[in-house]
Structures are given as structure tokens and as C-alpha cells.
Number of protein chains: 2
Amino acid sequence: MYTKAENNQISVNSLIHDHKKCVTEALSIAERLCSLRGVQLTTIRYQVLELIWSSHKAVKAYELLDLIKPLQNAAKPPTIYRALDFLLEQGLIHRIESLNAFIGCNCSGHQHELLLLICKQCYEVEERPALKVMSALTEEFSDANFVTHSQAIEAHGLCAKCNELKS
Amino acid sequence: MYTKAENNQISVNSLIHDHKKCVTEALSIAERLCSLRGVQLTTIRYQVLELIWSSHKAVKAYELLDLIKPLQNAAKPPTIYRALDFLLEQGLIHRIESLNAFIGCNCSGHQHELLLLICKQCYEVEERPALKVMSALTEEFSDANFVTHSQAIEAHGLCAKCNELKS
DNA sequence: ATGTAAATGTTATATTATAACATTGCAAAC
DNA sequence: GTTTGCAATGTTATAATATAACATTTACAT
């Protein structure tokens, strides 16, 4: 039986993938990447990243603040926002604009042009390369003389699981 | 010569289109649509819509509050947010999630699947049908078993004019 | 060991958004 | 034509999100 805390972390995705491995990989990639880049993945930054990866649901800054307080007594809003800024800069997380929330990014070191499928029911976010969408976007940008760099695109709806449960 | 106030309204787009006509049309479409739907485009709601249409730049809620105060002395945050909620529900405006701001929507009565090109320098927003992008998205959603309704997609970059000025 | 820049601590406050309840105004039913 | 009900607005208060500004500590290059 799960403890309450563990149970809270159970996500739709965690039922169909090895989430521990998922987190371990993400964290070790982050460490490697930061080391390569000569930037510091400090304890606080690591802990915030770990907390974000504890599920595939988008997490809010003040939720992270509550979660990190047991680990970092002095934590205050700037503690979290600074760590988030760093992680965003390094491409280790995404900011979900429409939720004011954050998720881990799988794409480190790869392309960052991703489609984010955001479930408006469970707040899980799925990253998809969506190559056709991205190439159509590139073409459209060019037609519009709009200049942009790789970026994530957000789409909102119901994920497969939530949609099944509904019916 | 432009007065200062008028000059502030001058946008990149306004240099190449008849903005007055643009606004008049948007407002009359809004009136027609609301009347057809049996919903009330009240004075406050109309004024907010008009203020939003005063440029093609995304406008923030508290900016609108300042702008409407001369017209509505009693205006307070809920005054604006309620009008915005109404206009969003009726599809008369878009909310730009990444800016916490709003722009008029041209698509009333037509499809609402649009690509929004958001200039991060001047905050102008261009709506484009971007049919190829939308059909690629539909396909991707279907592959992912993701269920979604028509929605706007946001992209960030530099508009043609800002990009020219830069170089 | 020491100077420097980056990171973190700390206080305060800005910005964005909504809850909750009171009042007004308008229109349908009587 | 009044009553009644509901939508809209007024009003107060506060919640939620985010950053500014300055002090202190830490890491580490010299």
C-alpha cells in the first residue's frame, strides 16, 4: 500500500512508465549538462528540479516553496523564483504560461521545439516533438516575416486517460 | 502632426491599415453577434472592447482599468475582469497567456483556431489562420489521443517591423 | 589569504486576479 | 403597474503570483 505522500505523486503517466528512472535520468542529464556548461547546479537548484520532476504535473512556484521548506528553512519566494529562472535558462524546465506553473523538460541537449499537451483536468503535460507542426510553424513564421527561436507551443485539452475516465 | 495621445496609439499595423475601420468593424460585429446570441453587450463591456481595440498591442487588465476610469468612475478590478470574462466567453477577445494581456479577436463567427504571433518587443499580436499548422496539430492531437477544442496557439518572436528596425 | 563574482538571505512591495456580499436595474409574469 | 427574479454592477477585502533592492555568504581564481 502506498503512503499518502507517495500516493499523491501517482500520476497517470507513472502507471505506465518507470518514473524513478525517469527522474534519475533527468537529474543526471541536468548535472552533466550544467557541468559541461560550467554553470552551478547548486543544492537548492537541484532540489527544485527534483521536486518539479516528482510528477509529470505542472507545479506552481508557491507549491514548490511549500515543498522545499522542510529542506531549506530559509526558503522564501525569491529562493524559488531564482532557481526557476536558472532552470529555465538552462532549458531544464518549461514554464506553462497558461497555468503559471512548471514541468521538467526532457529535451535538454536536444531540440527545444516541442508541443506541450496540457491536460486541463489533471495538469499532466506531455512533451511531443510534433515535427509536422513545427515545420508548418517554421513555414508560417517565414511567410509572416516573423522571427523566432525554438520554443515550446502549448495546447490545452484532455489527456487520453482523463478523457477515458470521463466517458 | 499627431497629438501625443494619438501618437501613442500608432502601431506598426496602423501604418499599413485603416485602423478606424478595423475598430468600427470589430465593434459592429460584436454588437451583431451579441444581439444574435441574446447576450448583453453593456456599456462597460463595449467600452472595454473598444479600449482593447484601440491598438493591436496586447493590453493588460490594470491598464484597461486606468483607461476606463475617466469613463467609469466606479471602475475597480472586478469591473474589468468581469468585462474581460464576458468578452472571452463570447470569443470577442483573446487572452495572451504569456503576457497576462488581451487583444481583440478578428475571428468572431469564424474559426477560432488561430496562430497568434506575439512580438516580444512591441507587443503587437498578429492573428493568422495558419491552416497547415492547425491541421498538423489536429493530426498530432489525434495521435496522442488528446482531446481538444479549437483554440488559439501562441508564438513569440519579433514582428517584421521590429526585426527590420533592429538591423 | 584575499579579491571578486555568483549565489543566497531578507525585507518589502508590485502585479495580477478573485471571493463574497450588497445594490441596482431591467424584463417577464402576474 | 407592481412584483419578482435574475443579470449586471458596486464595493470591500484579500488571495495568488512575482520582483526590486540591498545585505550576507560562498565558491573559487589568483
Side-chain angles (χ1 to χ4, degrees), chain A residues 30-31 34-52 57-90 92-103 120 123 154, chain B residues 30-31 34-35 37-52 57-90 92-103 118 120 123 154:
Chain A
E31 283 181 313
C34 288
S35 155
L36 275 172
R37 292 173 182 168
V39 296
Q40 300 179 56
L41 187 58
T42 61
T43 304
I44 289 178
R45 290 165 177 177
Y46 184 94
Q47 288 171 340
V48 170
L49 185 58
E50 200 172 15
L51 287 170
I52 289 173
K57 296 184 195 301
V59 199
K60 291 178 162 264
Y62 278 71
E63 288 172 3
L64 288 169
L65 182 54
D66 288 340
L67 291 169
I68 211 176
K69 269 180 181 161
L71 308 172
Q72 295 289 341
N73 252 285
K76 297 197 174 44
T79 315
I80 294 297
Y81 282 104
R82 283 166 181 161
L84 291 172
D85 284 347
F86 172 85
L87 297 170
L88 286 167
E89 266 168 24
Q90 298 303 319
L92 299 171
I93 60 174
H94 293 290
R95 181 189 162 83
I96 308 294
E97 298 290 354
S98 45
L99 298 178
N100 298 325
F102 303 85
I103 55 157
K120 54 187 168 192
Y123 301 114
E154 302 181 14
Chain B
E31 284 180 314
C34 288
S35 154
R37 293 174 182 167
V39 296
Q40 300 181 54
L41 188 58
T42 61
T43 304
I44 290 178
R45 291 166 176 174
Y46 185 95
Q47 288 172 340
V48 170
L49 185 58
E50 198 172 17
L51 287 169
I52 290 174
K57 295 185 196 302
V59 199
K60 291 178 164 263
Y62 278 72
E63 289 172 3
L64 289 169
L65 182 54
D66 288 341
L67 291 169
I68 211 176
K69 269 179 182 161
L71 308 173
Q72 296 287 341
N73 254 285
K76 297 197 174 44
T79 314
I80 294 298
Y81 282 104
R82 284 167 181 160
L84 291 172
D85 284 347
F86 172 86
L87 297 170
L88 286 167
E89 267 168 25
Q90 298 302 321
L92 299 171
I93 61 173
H94 293 290
R95 178 187 164 83
I96 309 294
E97 298 290 353
S98 46
L99 299 177
N100 297 325
F102 303 85
I103 55 158
I118 303 162
K120 55 189 169 193
Y123 302 114
E154 301 182 13

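To find a chain, count down the sequence lines: A is the first, B the second, and so on, and within it residues start at 1. In this text the structure is predicted, and so the values were computed from the model without any measurement.
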Please give, in whole Å, the distance from [N] [atom2] to [X] [atom1]?
| X | N | atom1 | atom2 | answer |
| --- | --- | --- | --- | --- |
| B:Phe86 | C:dA17 | CZ | P | 20 Å |
| B:Leu84 | C:dT15 | CG | P | 18 Å |
| B:Lys76 | D:dT12 | NZ | P | 6 Å |
| B:Arg45 | D:dA8 | CZ | C1' | 7 Å |
| B:Ile44 | C:dT24 | CD1 | P | 15 Å |
| B:Glu97 | C:dT16 | CD | P | 14 Å |
| A:Leu41 | C:dA7 | CG | C1' | 13 Å |

Using salt bridge (charged side-chain N to carboxylate O under 4.0 Å, His left out) as the criterion, list what pairs up with B:Arg95, not counting sequence neighbours.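 Checked B:Arg95 against salt bridge (charged side-chain N to carboxylate O under 4.0 Å, His left out); matches are B:Glu97.
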Applying salt bridge (charged side-chain N to carboxylate O under 4.0 Å, His left out) to A:Glu50 and not counting sequence neighbours gives none
With sequence neighbours excluded, tell me which residues meet side-chain contact (heavy atoms from CB on, under 4.5 Å) with A:Thr42.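 Expected list: A:Gln40, A:Ile44, A:Arg45.
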Could you tell me which residues satisfy side-chain contact (heavy atoms from CB on, under 4.5 Å) with B:Leu51, sequence neighbours excluded, listed by chain and number? B:Leu64, B:Leu67, B:Ile68
As an exercise, state the distance from NZ of B:Lys120 to CG of B:Leu99, rounded to the nearest 0.5 Å. 11.5 Å
Pair up each side-chain donor or acceptor in residues 72-88 of chain A with any protein partner under 3.5 Å, not counting sequence neighbours, and list the distances.
from    : atom 1 : to      : atom 2 : distance (Å)
A:Gln72 : NE2    : A:Gln47 : OE1    : 3.0
A:Lys76 : NZ     : A:Ala74 : O      : 3.2
A:Thr79 : OG1    : A:Lys76 : N      : 2.8
A:Thr79 : OG1    : A:Lys76 : O      : 3.0

Can you give one letter per nucleotide of nucleotides 13-30 of chain D, going 5' to 3': B for a protein heavy atom under 4.0 Å from the base, S for sugar-phosphate only, - for none? ----BBBBB---------
